[in-house]
Colleague: 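Questions regarding the structure given below will be posed in turn.
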Amino acid sequence: MKKSAAETHRMLSNIYGEAAISERTCCKVSTLQERNFHVEDQHSDRREKVFEDAELKALLDQDSCQNQKELARSLGVTQPAISKRLKVMGMIQKQGNWVPYELKPRDVEWHLFACEQLLERQRRKGFLHHIVTGDEKWDNPKRRKS
């Protein structure tokens, strides 16, 4: 109605009595009205979009090479939200792919088997005894001059 904050407060006090808002609140409201806010253009960072871990898991199953920004863009959320969910899901990025932080039992068995094989090979060959260093003298009996 193009009234000042004081006039608006007087009108509200006449109608609502003690239940009317204060003059200071009227002043704040009139200041906000002057600023020409467009709510549909305004982006609020206070409340993030809620998404399910299943949606994120499905995206990772499609392409495990996506970075956090690409995942955030696909789900319409912020990158920190993706980071938090990946941490909760126990996923880390190794060599450009998102993988579970904890190894599966078969992977643990495979690693154990590989380590045992390497240790066994080292015991069999004894490669440390075959290392040549520069301070050794080689005694070749065929080249010996008598």
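Model, not experiment: these values are computed from the prediction. The basis for the numbers below is simple: all heavy atoms, side chains too, and nothing from hydrogens, waters or symmetry mates.
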Colleague: Does any non-hydrogen side-chain atom of Arg73 lie less than 4.5 Å from one of Glu70?
Modeller: yes
Colleague: Could you work out, with side chain to side chain donor-acceptor pair (under 3.5 Å) as the rule, every residue matching Glu7, not counting sequence neighbours?
Modeller: Ser4
Colleague: Can you name the side chain to side chain donor-acceptor pair (under 3.5 Å) partners of Gln79, sequence neighbours left out?
Modeller: Gln68
Colleague: What distance separates Leu71 CG from Arg85 CZ, expressed to the nearest 0.5 Å?
Modeller: 13.5 Å
Colleague: Report the hydrophobic cluster partners of Ile21, with the cluster defined as I, L, V, M, F, W, Y residues connected by side-chain heavy atoms closer than 4.5 angstrom, directly or transitively.
Modeller: Leu12, Ile15, Tyr16
Colleague: If the condition is side chain to side chain donor-acceptor pair (under 3.5 Å), which residues does Gln66 pass it with, not counting sequence neighbours?
Modeller: none
Colleague: Enumerate, atom names and distances included, each donor-acceptor pair closer than 3.5 Å involving a side-chain atom of residues 56-65, sequence neighbours excluded.
Modeller:
from, atom 1, to, atom 2, distance (Å)
Asp63, OD1, Cys65, N, 3.1
Ser64, OG, Asn97, OD1, 3.3

Colleague: Going by side chain to side chain donor-acceptor pair (under 3.5 Å), name the residues that satisfy it together with Ser22, two or more places apart in sequence or in a different chain.
Modeller: Thr25
